[in-house]
Amino acid sequence: RAEEDVVGRFYYRRPNAESSADVYDRVAAFWSELITDILPRQETRFGTCLIVTHGLTMRLILMKIFRWSVETFETVWNMDNCNHITLRKDMVHMAYKACPGSSYPKQLPWATRPVWIV
């Protein structure tokens with residue numbers, strides 16, 4: 001626990017496990033491939049893409065999309081089981097926005113300090 005306090009939750013690697021930074025690398029590669037390669041090649045266009053994942057991976061996807069700093073990531077906590085966050089693409093700004101009204105519960109991810117989400 002002392003080492004985690006020194007390096008932070010994002011970089012701390014538990015014995016025989018990965019750090020959040022390790023998982024972030026895979027999440028970033030997945031997101032880039034999904035957006036630039038997989039979705040554009042779909043023969044049938046759908047308006048929805050559902051990603052079912054664990055809380056840590058969900059936070060890391062949000063970190064990638066919204067360009068959170070490590071400090072911001074460390075203030076956001078995993079959502080409870082069966083909760084979800086809905087993102088909608090803003091076609092004017094070509095960016096994703098969190099939609100609390102379509103998420104469950106109807107709120108943004110919980111953080112220990114205010115989190116800037118575009």
Nearest 0.5 Å please: distance from the OG1 atom of Thr48 over to the CG atom of Leu50. 8.5 Å

Scan Leu60, Thr57, Leu56 and name whichever one has a side-chain contact (heavy atoms from CB on, under 4.5 Å) with Tyr24. Leu60

Examine Tyr104 and Val76 and state if one hydrophobic cluster contains both, with Ile, Leu, Val, Met, Phe, Trp and Tyr joined whenever side-chain heavy atoms are less than 4.5 Å apart. no

Calculate, to the nearest 0.5 Å, the distance between atoms SG and CD1 belonging to Cys49 and Ile35 respectively. 7.0 Å

Taking C-beta and beyond as the side chain, do Ser20 and Phe73 meet within less than 4.5 Å on heavy atoms? yes

Taking it one step at a time, do Glu4 and Arg14 satisfy side chain to side chain contact (heavy atoms under 4.5 Å, CB included)? CA-CA 9 Å; Glu4 182 179 0; Arg14 289 175 175 73; 3.9 Å; yes

For residues Val6 and Phe10: do they belong to one hydrophobic cluster (side chain heavy atoms under 4.5 Å, members Ile, Leu, Val, Met, Phe, Trp, Tyr)? yes

Could you tell me whether Arg26 and Glu18 make a salt bridge, using a distance below 4.0 angstrom between a side-chain N and a carboxylate O? yes

Cationic tip of Arg88 above Tyr96 ring, under 6.0 Å, 45° of axis: no

Closest non-hydrogen atoms of Met58 and Thr53, given as atom of the first, atom of the second and distance, are N-CG2, 3.9 Å

For Arg67, salt bridge (Lys or Arg N to Asp or Glu O under 4.0 Å) partners two or more places apart: none

Please report the shortest heavy-atom distance between Arg45 and Pro40, naming the atom on each side. NH2-O, 3.1 Å

Over all atoms of both residues, closest heavy-atom pair of Ala28 and Lys64: CB-CD, 3.9 Å

Asn81 atom CG, over 12 foreign heavy atoms within 6.0 Å: no

What pair of heavy atoms forms the shortest contact from Phe66 to Ala98, and how long is it? CZ-N, 3.9 Å

I'd like to know whether Tyr11 forms a side chain to side chain contact (heavy atoms under 4.5 Å, CB included) with Val70, so could you lay out the CA-CA distance, the side-chain angles of the two residues, the decisive distance to 0.1 Å, and finally the verdict. CA-CA 9 Å; Tyr11 294 106; Val70 170; 3.6 Å; yes

Can you tell me how far apart CE (Met63) and CH2 (Trp68) are? Round to the nearest 0.5 Å. 9.0 Å

Hey, could you give me the CZ/OG1 distance between Arg41 and Thr36, rounded to the nearest 0.5 Å? 9.5 Å

Would you give the length of the straight line joining atom NE2 of His54 to atom CZ of Arg59, rounded to the nearest 0.5 angstrom? 13.5 Å

Side chains of Ser69 and Thr72: donor-acceptor distance under 3.5 Å anywhere? yes

Using every non-hydrogen atom in the two residues, find where Ala17 and Arg13 come nearest and quote the distance to one decimal. O-CG, 3.0 Å

For Ser102 and His84, the nearest pair of non-hydrogen atoms, with its separation, is O-NE2, 3.2 Å

In Å and rounded to the nearest 0.5 Å, what is the OG to CD1 distance from Ser32 to Ile38? 10.5 Å

